Amino acid sequence: MMLFAGAMLLVIYRGTRMRETSLQLNELPIFLFTIVIGGFLAAFVSLFLGTEYSDGTIRNKLIVGHRKSGLYLSNLLISFVAGLIFAIVYIVIVMVGSSLVLASFEVDWNMILLSLTSSVLLIMAYASFYTMMSMLFQNKAAVAVTTLITFFVLLIMATQLQSRLSAEEFYLVDTLTDTGKYVQKSVANHNYPRGTERAVYQFLYDFLPTGQANQIAMNNVADFVKLWIYSLVITVMTTVIGLLGFGKKDIK
């Protein structure tokens with residue numbers, strides 16, 4: 001995450017002149033971490049909890065009297081806090097580094113707080129999903145590969161959905177008239193999603209964590225509350241499934 005933050009600083013340095021630029025704080029790439037944090041968390045959670053399994057730590061905790069539900073929720077909390085630390089490290093590096101080249105910041109606190117809330121709930125959704133996968137399956141390598149592949153597939157899906165939803169409904173073409181002159185004519189874009197198709201694409205783009213991350217990072221969220229609800233739904237669903245599955249699991 002520190003390397004990613006450093007890369008963003010290079011972009012800022014190349015795009016500004018020393019101490020001559022004033023930007024809105026939310027115009028800085030301070031929320032760009034949301035796009036990649038799912039990958040960082042997938043690696044951390046699968047390796048951390050996989051090690052807990054392989055070293056016998058989880059079995060030993062159960063032997064000494066820890067409840068499965070308490071053990072599961074404590075691991076979920078650790079995963080969530082790790083995600084927050086990744087995010088904080090990125091934000092601090094970008095803000096401190098940006099202050100060296102930007103003359104001043106103008107802060108839209110309302111937008112910052114909305115984006116922060118969305119980012120925190122997004123991290124919780126990721127942490128919940130990865131904790132569920134890691135607690136239900138003991139093979140550390142298999143879980144790491146599966147969760148990383150899942151993240152990248154969802155990232156590609158989000159990119160494709162964003163591309164379809166941002167397509168122009170009409171485009172201009174040059175048409176030759178009978179007089180020999182070219183005029184521009186508006187033509188319907190057959191690839192533009194309409195009706196039910198567009199509604200489905202929009203739902204998936206809002207529901208998928210990677211779709212939410214794209215919107216937060218690009219600062220173009222249309223409905224923050226909707227994203228919060230979807231993140232909470234993912235968190236609750238995966239936590240309930242994880243708790244039930246881990247409760248029935250025979251720990252060897």
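Along the sequence shown, the residues carry numbers beginning at 1. All heavy atoms count here, side chains included; hydrogens, waters and symmetry mates do not. All values reported here derive from a predicted model rather than from experimental measurement.
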| remark: Interatomic distance, OH@Y130 vs CG@L41, rounded to 0.5 Å, equals 7.0 Å
| Minimum heavy-atom separation for G39 to L148, with atom names? | O-CD2, 3.6 Å
| message | Any donor-acceptor pair under 3.5 Å linking the side-chain atoms of W228 with those of S118? | response | yes
| said: For a 4.5 angstrom cut-off between non-hydrogen side-chain atoms, does N219 reach F31? | reply: no
| message | So if I apply the side chain to side chain contact (heavy atoms under 4.5 Å, CB included) rule between N214 and each of I35, L161, N220, which one comes out positive? | response | I35
| remark: Exactly one of I93, I91, V92 clears side chain to side chain contact (heavy atoms under 4.5 Å, CB included) with V89, and that residue is I93
| CG on L155 to CD on Q160, rounded to 0.5 Å | 10.5 Å
| message | Please report the interatomic distance CG(L122) to OG1(T117), rounded to the nearest 0.5 Å. | response | 12.0 Å
| task | Return yes if a side-chain donor-acceptor contact under 3.5 Å exists between T34 and S119, otherwise no. | result | no
| Under the side-chain contact (heavy atoms from CB on, under 4.5 Å) criterion, do Y126 and F151 qualify, and how do the steps go? | CA-CA 10 Å; Y126 273 131; F151 167 73; 3.7 Å; yes
| query | With a 4.5 Å heavy-atom cut-off, do L73 and T239 have their side chains touching? | reply | yes
| note | Minimal heavy-atom distance between L47 and T51, with the atoms involved, is O-OG1, 2.7 Å
| message | F207: which residues meet the ring-ring contact (aromatic ring centres under 6.0 Å, His included) condition with it, sequence neighbours left out? | response | F203, Y230
| query | Distance from I156 atom CD1 to T210 atom OG1, nearest 0.5 Å? | reply | 10.0 Å
| task | Report yes or no: does R164 contribute a side-chain atom to a donor-acceptor pair with the main-chain N or O of P193 at less than 3.5 Å? | result | no
| S128 and T235 side chains, donor-acceptor separation under 3.5 Å | no
| query | Quick one: does S46's side chain have a donor or acceptor within less than 3.5 Å of a partner on A43's backbone? | reply | yes
| request: Determine yes or no for a side-chain-to-main-chain donor-acceptor pair under 3.5 angstrom, with E52 supplying the side chain and I58 the backbone. | output: no
| Cluster question for you: counting only ILVMFWY and a side-chain heavy-atom cut-off of under 4.5 Å, with indirect links fine, are L208 and V153 together? | yes
| query | With a 4.5 Å limit on heavy-atom distance, are the side chains of L227 and Q215 in contact? | reply | yes
| Separation of I37 CD1 from L32 CG (nearest 0.5 Å) | 11.5 Å
| Side chains of M135 and K249: closer than 4.5 Å at any heavy-atom pair? | no
| query | Distance from R67 atom CZ to L71 atom CG, nearest 0.5 Å? | reply | 12.0 Å
| said: Check the orientation of F246 and Y53. Use parallel for under 30°, tilted for 30 to 60°, and perpendicular for over 60°. | reply: perpendicular
| message | Using the side chain to side chain contact (heavy atoms under 4.5 Å, CB included) definition, which of the options I229, L116, L232 pairs with L121? | response | L232
| field | Smallest separation among heavy atoms of M133 and V143, with atom names | value | O-CG2, 4.0 Å
| task | Using a 4.5 Å cut-off on heavy atoms from C-beta on, say whether the side chain of V64 contacts that of H66. | result | yes
| task | For residues V45 and T147, determine if any side-chain heavy atom of one lies less than 4.5 Å from a side-chain heavy atom of the other. | result | no
| If only atom types and distance count, is the side chain of S166 paired as donor or acceptor with the main-chain N or O of S163 below 3.5 Å? | yes
| task | Any chance you could lay out the side-chain contact (heavy atoms from CB on, under 4.5 Å) test for Q202 and L165, step after step, and finish with the verdict? | result | CA-CA 7 Å; Q202 189 64 59; L165 290 170; 3.7 Å; yes
| task | Answer with yes or no whether the hydrophobic clustering places V240 together with F137; edges join I, L, V, M, F, W, Y residues whose side-chain heavy atoms lie under 4.5 Å apart. | result | no
| Is there side-chain contact between V221 and S115, with at least one heavy-atom pair below 4.5 Å? | no
| note | Nearest heavy-atom contact between F33 and I123 is CE1-CD1, 4.3 Å
